[in-house]
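The figures that follow rest on heavy atoms only: side chains count, while hydrogens, waters and symmetry mates do not.
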Amino acid sequence: MARVLHVLGSLNRGGIEVWLLQALRGVDRDAVRMDFYCLGSDEGVLAPDVKALGSRVFVGNLKRNPLRFSRHFSRILRSDGYDVVHSHVHHFSGYVLRLAHRNGVRGRIAQSLTAPTEQRPSLLRRIYLAQMRRLIERHATLGLGVSSEAMVSMFGPGWRTRDDRQILYWGVDLERFRNPPTANLRERFSIPASESIVGHVGRLDRAKNHELMLDIAEELDRSGARVWLVFVGDGPLRRELQESVLRRGLKRVVFAGEVEEVASLLRAMDLFLFPSRWEGLPQSVIEAQAAGLRCLCSDVITSEVAVLPDAVRFLSLERPASDWAQTLRSMLAQTPLDKHGALTRVAESPFAIEESVRRLTVIYQDAARE
């Protein structure tokens, strides 16, 4: 059995956290044991689900006491005999894997989840990034990324020439899209059947570019389009965005918050909007395609996300909100996708959870033998 310790910020609901929970449900737990180490101050809302599947969850509280974290993390590595440490904390993975190496862990994996754009990083930030990259280069036995852009962000443009640098796409649990919807989105928010629903699933933070989405909603209102904008997710910008909705006088914007039945909500939508400023590879866009939705995304998002090329359109963030609104209206006017066919095509792609779990199992077993 390969004993794996995942390192991440917390087990609150987010892309990597939900994917790891899905992977834990799908993995052969006689072949791989997965535990979780959270660098934040609490376990997170998904911790009970993880524990119910037989995994342990540790809390490091890094910010409060960095020295205590290092001792605590090292003690766990020594006492529990992990074969693999899989770190999901971007460049800080350099320090995490240095500790893992010093404590005798054979397999040390750095995972790149996003491709952030920093136009003018400070001198201290540049020094930090350079040091972390050196540590990753020295201590990681394998580098993984969710897309080509995410690979370049952490490992540089030469990653393709190395066998120890690989893309591992996040697989989606498609079983949820085969079952009848359990959530009635229109009934829950009193949305008339004659009006369209444009949805977005993601954390309410700067990366997702919600202000542009509100600009688009304003343009739709001005044009007389009867279109609702539904945000699924939560985050630090929620209050600010709600106040912006009130200032703008928007009547067809809904904040659904964090929900478990995301697949059901997606299947009730008419189009998916995702104008992010930066991303690695957004799993929610894959899920939207599995739900049979056309997707309008910013062109900073990797084209790898287009499992159904005929269903995904990319638009420049340099274009005004009026262009986005016009494109959205034209996409809503198209013939809806065949939902069964869309789900089948995603199931046959590298983005099915079964395929990513299979690859992950091989990776762990190989890493444990390093």
Does S244 form a side chain to side chain donor-acceptor pair (under 3.5 Å) with R248? I'd like the steps, not just the answer. CA-CA 6 Å; S244 181; R248 296 167 184 257; 2.9 Å; yes
State plainly whether the residues R13 and D234 are in salt-bridge range, i.e. N to O under 4.0 Å. no
Tell me whether F92 is reachable from V59 by hopping between hydrophobic residues (I, L, V, M, F, W, Y) whose side-chain heavy atoms are closer than 4.5 Å. no
Is the shortest distance from a Lys or Arg side-chain nitrogen in E355 or R358 to a carboxylate oxygen in the other one below 4.0 Å? yes
Residues E195 and R186 bridged, charged N to O under 4.0 Å: no
Could you please spell out the steps behind the salt bridge (Lys or Arg N to Asp or Glu O under 4.0 Å) verdict for E137 and R108? CA-CA 11 Å; E137 182 65 30; R108 303 176 298 276; over 6 Å; no
Are any of the side-chain nitrogens in E348 or R345 under 4.0 Å away from the carboxylate oxygens of its partner? no
Full working for side chain to side chain donor-acceptor pair (under 3.5 Å) between T302 and E149: CA-CA 7 Å; T302 175; E149 283 83 351; 3.1 Å; yes
Distance alone, cut at 3.5 Å: any donor-acceptor contact between the side chains of R33 and S55? no
Report yes or no: do Y82 and D35 form a side-chain donor-acceptor pair below 3.5 Å? yes
Residues pairing under ring pair (Phe, Tyr, Trp, His ring centres under 6.0 Å) where one sits in residues 198-224, two or more places apart or in two chains, turn out to be H200-H210, H200-F274, H210-F231
Indicate yes or no: at least one non-hydrogen side-chain atom of L241 is less than 4.5 angstrom from one of F255. yes
Ion pair check, E287 and R176, cut-off under 4.0 Å: yes
F73 and Y37 aromatic centres sub-6.0 Å: yes
Parallel under 30°, tilted from 30 to 60°, perpendicular over 60°: which one fits the rings of H86 and H6? tilted
Between R56 and D80, is any pair of side-chain heavy atoms under 4.5 Å apart? yes
Working to the nearest 0.5 Å, report the span between CG of L281 and CD1 of I286. 5.5 Å
Would R134 and Q131 count as a side chain to side chain donor-acceptor pair (under 3.5 Å) if you check the C-alpha gap in whole Å, the side-chain angles of each, and the deciding distance to 0.1 Å? CA-CA 5 Å; R134 282 194 290 269; Q131 180 64 16; 2.9 Å; yes
Treat each ILVMFWY residue as a node, draw an edge where side-chain heavy atoms are under 4.5 Å apart, and state whether L317 and F314 are in one component. yes
For residues I127 and L129: do they belong to one hydrophobic cluster (side chain heavy atoms under 4.5 Å, members Ile, Leu, Val, Met, Phe, Trp, Tyr)? no
Do I363 and M1 belong together in a cluster built from hydrophobic side chains that touch within less than 4.5 Å? no
